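Note sheet for the following structure.
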Amino acid sequence: MTNQEIARLLRQIAAAYLLKQENRFKIIAYERAAETIQKSNIEVKDLWEAGKLSSLAGIGRAISSHLDELFRTGRVKHFNQVLTGLPKAIFPLLDIPGFGPKKAYKLVSELKLVNPHTVINDLLGAARKGKIAPIAGFGDKSQQYIIEALQRFKQGQTKERRMPLPYAYNIATNIISYLKQHQSVVRAIPLGSLRRMVATIGDIDIAVASKNPEKVIDWFLEYPKIKKILEKGSSGASILLENGQQIDLRVQSPDNFGAMLQYFTGSKNHNIHLREFALKKGLSLSEYGIKLLKRSQKSTHSASSGREVKSQKYNEKLKIFEFASEKDFYHALGLPWIPPELREDSGEIEAALRQASYDKHHNGQDKYPGLPKLVELQDIKGDLHIHSDYNLLPSHDLGESSLKEILDQAVKLGYQYIGLSDHNPSYTNHTSYRIIDIIKRRRYYFEQNLKSTKSTRVNLFIMLEVDILSNGQLAIPEKAFEYLDAVIVSVHSSFAMSKEKMTRRIINGLNHSKAKILAHPTGRLIGKREAYEIDIDKLFSYCCENKKALEINAYPDRLDMPDTLVHEAIKKGVKFVIGTDSHKAQQMDLMKYGISVARRGWAQSSDILTTLPYNKIKTWLSGEEVK
DNA sequence: GCCGTTTTCGGCCCGACTGTTTTCAGTCG
């Protein structure tokens, strides 16, 4: 059973409880569990096998035991009891935007719709005949809305479409630099999943701080690539670009920018947790600022842990504290500022609290307990996963840039070193002898070329990206390794394998003394291909024990490993390298997306080996102890 | 049903929007 199916089932249970007027917090608990599972990058079934279901937020004893029953027997007795007595036809309707349990139940019972397989069409028919408007609580407008919603649903527009991060990032960057040309724009920052640098983005929202909202909005609406203006208000506007992308703009006064930025950055779960936390201090949070609840005698100042809150201002009329900066908003809660990439309610609020108490007491704990000091782009000293245009008759795609172009780019990026990791020569089309010969010539070619270029400031590792064949063997003969400084290994074929077999295969491939890095470890392609099955804990332990690194592949539709797995791995002490997998020199700029994955996985520079200077990375690649 | 600066019992986020309402219910993010 997939995560999506499990999430859907739990939502159905929540809906059933709602209709049966169960305790509303029980309903919220089921919805929360569904949400967590839906967003999890880790298969819930894998967690179950590892006995770690409760590690997911919102999954406690009861739901764990129900899921256990589900995986063991394929059904849950308790769930079936909860669902009895409710018309089955309501559940398909819950997938339609705008339909909740109450509306679905009322329509299904009033119109006596019984067949879950035909309910969509049945309801559409009833609506068109005008049978919905007379039902109490409905009217002409809602009837019309239902018709439209059902038609959209039938056309398959139910699922939100998400685009890869780099695509959204580029669009937003262009608009932001356009906005900043206007003198009334004090700050312009992307919001939501884009600011948190999530691998896929739904909407593009942009926040602007300005004292002249009207001027900013007019300027925004003059953006050259607009196809249509969707909405224009006093504090924001929405446009549709020629490429079909919708952009929402929100303008807020600079004095009151902090709470708004915090609120719209999310994530939803982070905000919920933060508001629950604030509530215990007698503070109520919203996009407008911080309110004192009546039962609290404290001011927001006393809630802080000695951190200065510079930009706080009390708005008498609204009885709310306003903040110019997001930092001060967090400080007013007694917390250090939390980087957006961490705001997923995956332990960051707890870590921020530990940090606050540590900063306050300096209680000499030997291990710093707070938020990680996240790795940054400028910490990166090199890129080991670059494909050149040297034609070694590979089985996969060749790069497009020459050694010189790659070296020039590396100089531009301030790198100390790069690794040329072309794909291995085709394994099926050549004899072993020929493969060895190709790899030998390639080494000679690069060495000669390096001597003749002036960019000797950049050091070169002559590497290779070698396929791990389905039997676990590497796709080049043993003798060819003599001509390579180290290799990256990866899976490019036979993705459908049992978990045990795939795990054995990959560990086998990594086991060669020159194999140092596993590239794109899960094999996923965002929106195109699911990850292959692999025993991730086994892989993590193997890497720790044998000093192998996993790659964070920065290529836009890979971003692999995914951030949540990076977080898991780092907790266990696994080391990473960030590779761009560039096939053109300009693509070496993709490093920032790899950095965003690392940061979302709580990585510090000590977790990323390519932050090491040349001498140390050389030592590590050669298999010696790094001091 | 979940979960824990203190609390293994007793709490549980906040506001906007929409449509039907005449003061609110449902849904959404």
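Here is how names work: the chains are called A, B, and so on, in the same order as the sequence lines, proteins then strands, and each is numbered from 1. Note that this is a predicted model, so its numbers are computed, not measured.
Applying a 4.0 Å cut-off to non-hydrogen atoms, the residues of residues 57-69 of chain A that approach DNA chain B are A:Ala57, A:Gly58, A:Ile59, A:Gly60, A:Arg61, A:Ala62, A:Ile63, listed by residue number.
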Show me the side-chain donor-acceptor pairs of residues 133-144 of chain A shorter than 3.5 Å, one per line, residues at least two apart or across chains.
residue: A:Ser142; atom: OG; partner: A:Gly139; partner atom: N; Å: 2.8
residue: A:Ser142; atom: OG; partner: A:Gly139; partner atom: O; Å: 3.1
residue: A:Gln143; atom: OE1; partner: A:Ile132; partner atom: N; Å: 2.9
residue: A:Gln143; atom: OE1; partner: A:Ala133; partner atom: N; Å: 2.8
residue: A:Gln144; atom: NE2; partner: A:Glu148; partner atom: OE2; Å: 3.3

Tabulate below the donor-acceptor pairs under 3.5 Å that side-chain atoms of residues 124-131 of chain A make, not counting sequence neighbours, or state none.
none

Considering only distance and modelled atom types, tabulate donor-acceptor pairs under 3.5 Å from the side chains of residues 76-83 of chain A, sequence neighbours left out.
residue: A:His78; atom: NE2; partner: A:Tyr17; partner atom: OH; Å: 2.8

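The salt bridge (Lys or Arg N to Asp or Glu O under 4.0 Å) check on A:Glu341 picks up A:Arg599, with sequence neighbours excluded. In this structure, the salt bridge (Lys or Arg N to Asp or Glu O under 4.0 Å) partners of A:Asp557, at least two apart in sequence or on a different chain, are A:Lys528. Every residue meeting the ring pair (Phe, Tyr, Trp, His ring centres under 6.0 Å) condition with A:Trp48, not counting sequence neighbours, appears here in chain and number order: A:Phe71.
B:dC3 and B:dT8: their C1' atoms are spaced 9 Å apart (whole Å). On the P atoms, B:dT21 is 13 Å away from B:dG26, given to the nearest whole Å. B:dG15 and B:dG10 are spaced 26 Å apart, taking the C1' atom of each and rounding to whole Å. Rounded to a whole angstrom, the distance from the C1' atom of B:dT5 to that of B:dG1 is 23 Å. Between the C1' atoms of B:dT27 and B:dT20, the separation comes to 14 Å (whole Å).
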> Passes side chain to side chain contact (heavy atoms under 4.5 Å, CB included), A:Leu179 versus A:Leu249? Steps please.
Replying inline: CA-CA 10 Å; A:Leu179 286 170; A:Leu249 177 78; 4.0 Å; yes
>> Apply ring-ring contact (aromatic ring centres under 6.0 Å, His included) to residues A:Tyr178 and A:Phe220 and explain how you reach the verdict.
In response: CA-CA 8 Å; A:Tyr178 167 83; A:Phe220 176 62; 8.1 Å; no
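Here A:Lys571 does not pair with A:Asp607 in a salt bridge; the nearest charged N to carboxylate O distance is not below 4.0 Å.
Rounded to an integer number of Å, the gap from A:Arg24 CZ to B:dC2 C1' is 15 Å. In this structure, A:Arg32 places its CZ atom 6 Å from P of B:dC3, rounding to the nearest Å. Between the CD1 atom of A:Ile320 and the P atom of B:dC14 there is a distance of 11 Å, rounded to whole Å. As a whole-Å value, the separation of A:Leu293 CG from B:dC12 P is 10 Å. To the nearest angstrom, C1' of B:dC14 lies 11 Å from CZ of A:Phe264. Atom pair A:Glu35:CD and B:dC2:P shows a separation of 16 Å (rounding to whole Å applied). As rounded to whole Å, 13 Å separates atom P of B:dC14 from atom CD of A:Gln262. Computed from coordinates, the A:Lys26 NZ to B:dC2 C1' distance equals 12 Å when rounded to whole Å.
Counting non-hydrogen atoms under 4.0 angstrom, A:Leu274 reaches nothing in the nucleic acid. Nucleic acid contact class of A:Tyr17 (heavy atoms, under 4.0 Å, all strands): sugar-phosphate only. Within 4.0 Å (heavy atoms only), A:His78 reaches sugar-phosphate atoms of the nucleic acid but no base atom. Contacts of A:Asn271 with the nucleic acid, taken as non-hydrogen atoms under 4.0 Å apart, are absent.
Listed by first then second residue, pairs satisfying side-chain hydrogen bond (donor to acceptor under 3.5 Å, both in side chains) with a partner in residues 258-267 of chain A read A:Arg195-A:Thr265, A:Gln262-A:Asn271, A:Gln262-A:Tyr330, not counting sequence neighbours. Pairs of residues two or more places apart, or lying in two chains, that qualify as side-chain hydrogen bond (donor to acceptor under 3.5 Å, both in side chains) and include a residue from residues 111-121 of chain A are A:Thr118-A:Asp122, A:Asn121-A:Lys154.
A 4.5 Å side-chain heavy-atom check between A:Asp248 and A:Ile206 finds every atom pair outside the cut-off. The side-chain heavy atoms of A:Ile239 and A:Lys228, taken from C-beta on, include no pair separated by under 4.5 Å.
In this structure, a donor-acceptor pair under 3.5 Å is present between the side chains of A:Ser54 and A:Ser64.
Between the A:Arg600 side chain and the A:Arg196 main chain, a donor and an acceptor come within less than 3.5 Å of each other.
Using Watson-Crick or G-U wobble geometry with both donor-acceptor distances under 3.5 Å, B:dG29 finds its partner in B:dC14.
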Expected rows: protein N/O vs nucleotides 5-10 of chain B N/O, under 3.5 Å:
residue: B:dT5; atom: O4; partner: A:Lys281; partner atom: NZ; Å: 3.2

Tabulate atom names and distances for all N/O pairs under 3.5 angstrom spanning the protein and nucleotides 17-20 of chain B.
residue: B:dT20; atom: OP1; partner: A:Gly139; partner atom: N; Å: 2.6
residue: B:dT20; atom: OP1; partner: A:Gly139; partner atom: O; Å: 3.4
residue: B:dT20; atom: OP1; partner: A:Ser142; partner atom: N; Å: 3.2
residue: B:dT20; atom: OP1; partner: A:Ser142; partner atom: OG; Å: 2.7

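Distances were taken from every side-chain heavy atom of A:Ala29 (C-beta onward) to each of B:dC2, B:dC14, B:dG15; the shortest belongs to B:dC2.
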> What does nucleotides 24-29 of chain B look like as a protein-contact string, B for base, S for sugar-phosphate only, - for none, at under 4.0 angstrom between heavy atoms?
Replying inline: --SSSB
